[in-house]
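Structure record follows, encoded as structure tokens.
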Amino acid sequence: MKASVTPLARRAAHALLRAGGVAAGVVVIAFLLVRLIPGDAATALLGSRATPAAVAQLRERLGLDESLPAQFWHFLTRLVTHGDTGASLVNGVPTRELILARLEPTLWLVAFATVFAVALSVPLALWAATHRDGLADHVVRILTTAGIAMPAFWTGLLLILLFSVRLGWFPVGGVRDGYPTSIVLPALTAAVAIVPVLVRSLRAELVEVLRADFVATLRAAGLPERRILARHVLRNAALPALVLVGTNISYLLGGALIVEKVFALPGLGDLMFDAIGSRDLPVIQGVVIYTALAVVLVTLVTDHLAAVLDPRLRRAA
């Protein structure tokens, strides 16, 4: 007797196929980065004053003297077997080692930013939803609109001026006295970039739940308003917000690269900008692939978790 495939398993299989397609596309694009440089890539990387011997050596090192299919096969083989895109052109260290050495600050930044984003978004959305079309709602809308309009580097500079230069609560940049103090301002900067989206989405969900019949029934039964909001309203509105948080964690991974540069954190962003400045293409390729795969993984986990928690998503698979 043939075993039936559950909707959850079918949805997970479809999600894996989509994630695999995206990951394959990212690998191909990263591979083509060096091949899409106009003219001779080795000459472009070394500069017009490079000697023919240096150009020939770099072409051999990058595998540019082989056919395109052979280049891609060697690139893919090294990526699968060694987990990197080759050795750095600057110091000869494998890109995997460079990335892993810079990974911890980026992970701390994303983790703190996620906590800050949730901690700011939930009270603001709840305040706006419970005072719909009132003064509080308009104030939250103005704040979220201002948050969307402010670039991350500008927010970071304002936070540095206030909390580092004026008040002296946190270091201006770098890692001092461990991560808790050094990561607060960068994480807050990254969080501010996604708080407006989270607040608007959660507010819309809360307004819909507050209009539901069961909320009116609970109020008629005499339950305290705080209990209704905490145990019933927030719980029913949390799932769409959870999906959005997972999606924006992916955005944080990309935005963290810029925030790290503003605050001089020695993470993947600092590594990426240094590699761009020195035209270290293997490192650039490695950071692009690792970051993109992390985004794919977070999106996949979020999608599966949402399907586990919401039976409607399983039935729609």
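Below, all heavy atoms of this structure are taken into account, side chains as well, without hydrogens, waters or symmetry copies.
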Using 0.5 Å steps for rounding, measure from the [atom1] atom of [X] to the [atom2] atom of [Y].
| X | Y | atom1 | atom2 | value |
| --- | --- | --- | --- | --- |
| Leu268 | Leu107 | CG | CG | 7.5 Å |
| Met272 | Ile99 | CE | CD1 | 9.5 Å |
| Leu271 | Ile284 | CG | CD1 | 9.5 Å |
| Leu126 | Ser121 | CG | OG | 12.0 Å |

Pair Leu109, Glu260 - check side chain to side chain contact (heavy atoms under 4.5 Å, CB included), show working.
CA-CA 9 Å; Leu109 174 57; Glu260 286 177 2; 3.7 Å; yes
Is [Y] reachable from [X] through a run of I, L, V, M, F, W or Y residues, each pair having side-chain heavy atoms under 4.5 Å apart?
| X | Y | answer |
| --- | --- | --- |
| Val165 | Val184 | yes |
| Val115 | Leu202 | no |
| Leu281 | Val93 | yes |
| Phe163 | Leu265 | yes |
| Ile160 | Leu167 | yes |

List the steps and the verdict of side chain to side chain contact (heavy atoms under 4.5 Å, CB included) for Phe72 and Val28.
CA-CA 8 Å; Phe72 182 70; Val28 172; 4.2 Å; yes
Closest approach of [X] to [Y] (non-hydrogen atoms, all atoms of both residues):
| X | Y | result |
| --- | --- | --- |
| Pro266 | Pro105 | O-CG, 3.5 Å |
| Val259 | Pro186 | CG1-O, 3.4 Å |
| Arg203 | Ala128 | CD-CB, 4.0 Å |
| Val283 | Ala275 | CG1-CB, 3.7 Å |
| His138 | Asp133 | NE2-O, 3.5 Å |

Do [X] and [Y] have side-chain heavy atoms sitting under 4.5 Å apart?
| X | Y | answer |
| --- | --- | --- |
| Leu158 | Leu162 | no |
| Leu188 | Leu120 | yes |
| His131 | Val139 | no |

Assess whether side chain to side chain contact (heavy atoms under 4.5 Å, CB included) is satisfied between Leu76 and Val27, documenting all intermediate values.
CA-CA 8 Å; Leu76 187 61; Val27 171; 4.2 Å; yes
Partner residues of Arg200 under the salt bridge (Lys or Arg N to Asp or Glu O under 4.0 Å) criterion, sequence neighbours left out
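Arg200: no salt bridge (Lys or Arg N to Asp or Glu O under 4.0 Å) contacts found.
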Stepwise side chain to side chain contact (heavy atoms under 4.5 Å, CB included) test for Asn91 and Leu98:
CA-CA 10 Å; Asn91 51 32; Leu98 292 173; 4.2 Å; yes
According to salt bridge (charged side-chain N to carboxylate O under 4.0 Å, His left out), does anything in residues 69-94 pair up with another residue at least two apart or in another chain? List the pairs.
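Residue pairs passing salt bridge (charged side-chain N to carboxylate O under 4.0 Å, His left out), neighbours aside: Arg78-Asp84.
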Val199 pairs by side chain to side chain contact (heavy atoms under 4.5 Å, CB included) with which of Leu143, Val122, Thr144?
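Checked Leu143, Val122, Thr144 against Val199; only one passes side chain to side chain contact (heavy atoms under 4.5 Å, CB included): Thr144.
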Look only at the side chain of [X] and the backbone of [Y], and say whether a donor-acceptor pair between them is shorter than 3.5 Å.
| X | Y | value |
| --- | --- | --- |
| Ser201 | Leu198 | no |
| Thr95 | Thr85 | yes |
| Arg96 | His82 | yes |
| Thr291 | Val288 | no |

Is the Phe112 ring parallel, tilted or perpendicular to the Trp108 ring (thresholds 30°, 60°)?
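Tilted.
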Please tabulate, one pair per line, all N/O donor-acceptor pairs under 3.5 Å involving side-chain atoms of residues 189-197, not counting sequence neighbours.
residue: Thr189; atom: OG1; partner: Leu185; partner atom: O; Å: 2.8

Heavy-atom neighbours of Glu97 CD exceed 12 at 6.0 Å
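Yes, because the 6.0 Å sphere around CD of Glu97 holds more than 12 heavy atoms from other groups.
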